[in-house]
Amino acid sequence: MQLSPTLAWLVDAASDSSGADRLLAELGAHLRADGVPLAAGALTLEVPHPLIAKRTWLWRADNGRVIEALGFAPGGLAPDLPDDAGRRWLRGVAGGDVHEDVVGRDGPLLGWIGPQPFTSDEIGQLRQAARFAATPLAVLAARATLRATLEAYLGKRSAERVLAAPLRRDLGETIQAALLYADLRGFTTLSENSQPADVIAALDAWFDRIAGAVHAFGGEVLKFIGDGVLAIFPVVEASPRRACEAALRAAGAAEAGMAYLNAERGALGLPPLAFGAALHLGEMLWGNIGAANRLDFTAIGPAVNLASRLEGLCKPLGRTVLVSGALAAETEMPLLALGLHKLRGIASPCEVLTLPETQARTS
């Protein structure tokens with residue numbers, strides 16, 4: 001069977017594209033080289049993501065550029081894209097008729113438009129291309145699904161590390177990072193006195209604030225542990241200062257976010273949510289641990305233990321955020337010294353500081 005250059009590319013090389021956006025652009029270029037007069041193309045894929053429901057890529061033949069439009073899940077950041085978003089965009093590019101094909105069974109939607117209506121032969125070429133595109137698009141979609149799933153559960157950096165290494169528990173690396181360990185105060189009482197749906201809503205609101213602050217300053221949430229959070233700000237280029245100051249700013253932003261949330265809860269007659277957070281700088285093993293056939297990707301080591309124990313001092317010291325001397329030594333941001341304190345299970349006393357604007361907590 002003699003295949004056109006476009007179909008041969010779809011069979012032999014399209015699966016190696018870096019993503020669906022590049023496949024769309026390269027497919028459009030191949031079709032034009034085969035004589036199909038294209039002005040633009042659109043590809044819409046449903047994607048597994050906590051916030052995004054679908055992605056539409058829009059390619060223009062005149063400059064080869066691809067732009068992206070996002071459709072958000074119900075309750076997401078913005079209204080969903082209309083089902084005909086790609087078709088509407090194509091109609092604004094050229095005066096021809098839009099030709100669309102569903103790739104595979106209930107698969108991606110692939111659309112094209114030319115400077116004038118397509119001939120029957122050209123429509124046949126587009127339909128053939130859509131049929132042959134089913135396999136490479138399925139490969140790219142599976143690859144994107146795996147990455148999106150890992151990023152949702154592990155975070156972007158950890159997901160990349162897992163994807164790049166074999167699935168073995170003896171693989172890991174020692175990294176230096178600023179750690180943030182935080183948990184919600186009074187969660188047991190909240191759980192006992194509230195309906196399960198209200199407890200979940202409170203937890204989600206808390207995690208939105210603390211995780212949002214961490215991500216805003218370049219950190220990564222490594223673990224949700226019950227009502228607690230373990231986040232890391234990896235040190236890059238052997239300069240801890242940036243990581244430490246990012247962690248401090250994230251803690252301050254989390255305080256501001258929780259104050260705003262508690263004002264909203266107060267207006268609804270709900271009790272405030274108090275939390276404690278500890279910041280520390282140290283080395284940890286970042287990698288796989290677990291049973292032979294059930295792994296967890298996490299960070300372990302004395303630095304993680306110290307951060308957890310330091311957070312336990314927030315309540316007795318009446319502070320929301322505590323900072324270890326090790327992290328404080330790497331920043332010039334103003335901090336208030338609270339002296340040396342013995343931490344449970346830690347041999348040496350720890351120098352403890354706090355953010356000067358941190359107010360004594362009432363809980």
Side-chain angles (χ1 to χ4, degrees), residues 48-53 72-78 148-159 179-233 247 249-280 296-299 304-305 307-316 318-322 355 358-359 361-363:
H49 192 277
L51 296 177
I52 301 168
F72 291 93
L77 300 176
T149 301
L150 287 175
E151 288 183 2
Y153 283 95
L154 298 178
K156 186 175 179 62
R157 290 187 185 92
S158 297
L179 292 95
L180 184 152
Y181 184 89
D183 75 357
L184 202 58
R185 297 300 182 197
F187 181 67
T188 300
T189 301
L190 177 69
S191 300
E192 292 176 348
N193 298 330
S194 305
Q195 295 296 318
D198 295 332
V199 175
I200 295 299
L203 273 178
D204 286 344
W206 148 241
F207 287 142
D208 276 343
R209 271 64 183 184
I210 186 70
V214 166
H215 294 148
F217 289 95
E220 181 167 304
V221 171
L222 194 59
K223 287 285 181 191
F224 293 113
I225 310 166
D227 64 329
V229 175
L230 174 62
I232 60 173
F233 297 78
R249 291 190 174 96
E255 279 196 284
M258 290 299 287
Y260 185 83
L261 173 64
N262 283 331
E264 291 183 329
R265 289 177 61 84
L268 297 173
L270 297 172
L273 299 175
F275 75 100
L279 306 179
H280 179 51
D296 187 20
F297 192 89
T298 189
V304 179
N305 297 337
S308 173
R309 298 293 188 263
L310 180 59
E311 190 277 329
L313 280 183
C314 289
K315 186 171 184 178
R319 301 287 176 172
T320 299
V321 178
L322 296 180
L355 301 178
T358 301
Q359 301 297 315
R361 297 185 299 108
T362 59
S363 60

- For the residue pair A299 and L230, what are the closest heavy atoms and their distance? O-CD2, 4.4 Å
- F224 versus V229: any side-chain heavy-atom pair under 4.5 Å? yes
- Considering all heavy atoms of both residues, which atom of V221 and which atom of V214 are nearest to each other, and what is their separation? N-CG1, 4.1 Å
- Kindly give the heavy-atom pair with the smallest separation between F217 and A253, and that separation in Å. CE1-CB, 3.8 Å
- Item | Heavy-atom closest contact (G226 atom, F207 atom, distance) | O-CZ, 3.4 Å
- Residue pairs passing the side chain to side chain donor-acceptor pair (under 3.5 Å) test where at least one lies in residues 186-196, sequence neighbours excluded: none
- Query: Minimum heavy-atom separation for A159 to L154, with atom names?
  - Reply: N-CB, 4.2 Å
- Query: Roughly how far, to the nearest 0.5 Å, is CG of L180 from CD of E311?
  - Reply: 9.5 Å
- Would a 4.5 Å heavy-atom cut-off, applied to side chains only, mark L190 and L273 as touching? yes
- Query: Are any of the side-chain nitrogens in E255 or R319 under 4.0 Å away from the carboxylate oxygens of its partner?
  - Reply: no
- Electrostatic pair D296-K223, nearest N-O below 4.0 angstrom: yes
- Task: Grab the two heavy atoms, one from C314 and one from R185, that are nearest each other, plus how far apart they are.
- Result: CB-NH2, 3.4 Å
- Could you state the interatomic distance from CG (L222) to OG1 (T298), rounded to the nearest 0.5 Å? 4.5 Å
- Message: Side chains of Y181 and L310, heavy atoms from C-beta outward: is any pair under 4.5 Å?
- Response: no
- Message: Going by salt bridge (charged side-chain N to carboxylate O under 4.0 Å, His left out), name the residues that satisfy it together with D227, two or more places apart in sequence or in a different chain.
- Response: none
- Query: Any donor-acceptor pair under 3.5 Å linking the side chain of R209 with the backbone of A254?
  - Reply: no
